[in-house]
Number of protein chains: 2
Amino acid sequence: MDTEQQVMDHFEATCRSHGLKLTHQRLEIYRALLQSAEHPSAESLHKQLETRLPTLSLDTVYRTLATFEQLGLVKRVETMSSQARFEAKIEQHHHFFCDQCRQLIDFTWHSFDSMGLPEALMGVGTIRGKNVVVHGVCNDCLEKKKKPE
Amino acid sequence: MDTEQQVMDHFEATCRSHGLKLTHQRLEIYRALLQSAEHPSAESLHKQLETRLPTLSLDTVYRTLATFEQLGLVKRVETMSSQARFEAKIEQHHHFFCDQCRQLIDFTWHSFDSMGLPEALMGVGTIRGKNVVVHGVCNDCLEKKKKPE
DNA sequence: TTGGCAATTAAGAATAAATATTAATTAAAA
DNA sequence: TTTTAATTAATATTTATTCTTAATTGCCAA
Ligand SMILES: [Mn+2]
Ligand SMILES: [Mn+2]
Ligand SMILES: [Zn+2]
Ligand SMILES: [Zn+2]
């Protein structure tokens, strides 16, 4: 359990160690995200911040979030691209998503399926389904990296 | 394990029972999705089908997939909206996603986290993370439905 | 403390996915 | 054959995201 100050120190240190300038925009965007529990979109962060930073551009929010993501300072809560993808396989199953080629590989996991949900979820609402998304780099992509061409 | 024929029969029965006409386009789109393991996008389905159905419009593919989704004939492989969302909470945790208000609620699930991955996944590639997405309708939305206004 | 300059940002244009609108055409089902 | 739902085509709109360019700014070194 880190204090607010420690988290900000770590933020600063991470930026510095990657040669990133500590701009007002970066600080405010990170702080806003830290204080939020609602997993905001770039748009909504921008909207929220524009009273404090009236000149902040939406592009900067997107760019900054992408930078932070690379540094591991923030996470993108998304399992895949923005393009919706479909399947006719309607039996319960899960997906491995290759971060590189965006390929989806099905897998089944019966011991997960039959597992009860954690108490943490009791009382959030009606549950309609649960799914696992495992992500990483698929074999095809690993091969390609080894011998390029 | 259903045979191809049984699956198509179920498709036909589902369409019929909802008063939907069994059009050439619907059949082809469903068949293409059935035979594909790559979780195609609407765009790529359209591209794939346009040799066989040169007049098929992209609009029809989108419309048809949406219809099929409502009937439970196909699934949209997506855990959330197409809008990316972010968080600064980088500790391992999972999400409850409200299908109605798109709210995300964090939860932790240590017994899942410490669980090994299923054998089905051995050999797919390098694994970088695993996450659960539980979806349903949150309490706020359930309340609103009870007493609208 | 003050330039100098690369990094960063702002502003707006561009792109891409998805959806909507309309009217004309096609084809499934009774 | 007739009715009616569905599809098409053409066009427009919306929304998310990225690109381009020029101006600005953080930071380092003099
Ligand atoms: Mn699948
Ligand atoms: Mn979260
Ligand atoms: Zn891959
Ligand atoms: Zn809700």
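Computed over heavy atoms, backbone and side chain alike; hydrogens, waters and symmetry mates excluded. Labels below follow one simple rule: chain letters A, B, ... track the order of the sequence lines, proteins then strands, and each chain is numbered from 1.
- Hydrophobic side-chain contacts under 4.5 Å tie L58(B) into a cluster, directly or through other members, with Y62(B).
- Using bins of under 30°, 30° to 60° and over 60° for the plane-to-plane angle, the ring pair W109(B)/F107(B) lands in the tilted bin.
- Side-chain contacts under 4.5 Å among hydrophobic residues (ILVMFWY), followed directly or transitively, place L71(A) together with V7(A), M8(A), F11(A), L20(A), L22(A), L27(A), I29(A), Y30(A), L33(A), L34(A), L45(A), L49(A), L53(A), L56(A), V61(A), L65(A), F68(A), L73(A), V74(A), F86(B).
- With sequence neighbours excluded, the residues forming a side chain to side chain contact (heavy atoms under 4.5 Å, CB included) with T23(A) are K21(A), Q25(A), R26(A), listed by chain and number.
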Sequence-aligned protein contact record of nucleotides 3-14 of chain C, with B where the base is within under 4.0 Å of a protein heavy atom and S where only the sugar-phosphate is: ---BSSBBBB--
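- Rounded to an integer number of Å, the gap from L49(B) CG to dT8(D) C1' is 16 Å.
- One atom, CG of L45(B), and another, P of dA18(C), lie 12 Å apart when rounded to the nearest Å.
- At least one donor-acceptor pair closer than 3.5 Å links the side chain of H18(B) to the backbone N or O of T14(B).
- As a whole-Å value, the separation of L27(B) CG from dA6(D) C1' is 13 Å.
- When all heavy atoms of T64(B) and T60(B) are compared, the pair lying nearest together is OG1-O, 2.6 Å.
- Distance, E28(A) CD to dT25(D) C1': 16 Å, rounded to whole Å.
- Residues H94(A) and D113(A) bring a donor and an acceptor atom of their side chains to less than 3.5 Å of each other.
- One can place CD of E43(A) at 7 Å from P of dT17(D), the figure rounded to the nearest angstrom.
- The NE2 atom of H18(B) sits 13 Å away from the P atom of dA6(D) (whole-angstrom rounding).
- Between the side chains of E143(A) and N139(A), no donor-acceptor pair of N or O atoms lies under 3.5 Å.
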Can you name the atoms? Protein N/O to nucleotides 28-30 of chain D N/O, anything below 3.5 Å, with the distance.
none

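- The separation between Y62(B) atom OH and dT15(D) atom P is 16 Å, rounded to whole Å.
- Along DNA chain C, the nucleotide nearest L22(B) and the nucleotide nearest A42(B) are compared for position; the residue whose nucleotide lies closer to the 5' end is A42(B).
- When the C1' atom of dA16(D) is taken as reference, atom CZ of R76(A) falls 11 Å away, rounded to whole Å.
- Judged as a side chain to side chain contact (heavy atoms under 4.5 Å, CB included), and not counting sequence neighbours, the contacts of Q35(A) are E4(A), R31(A).
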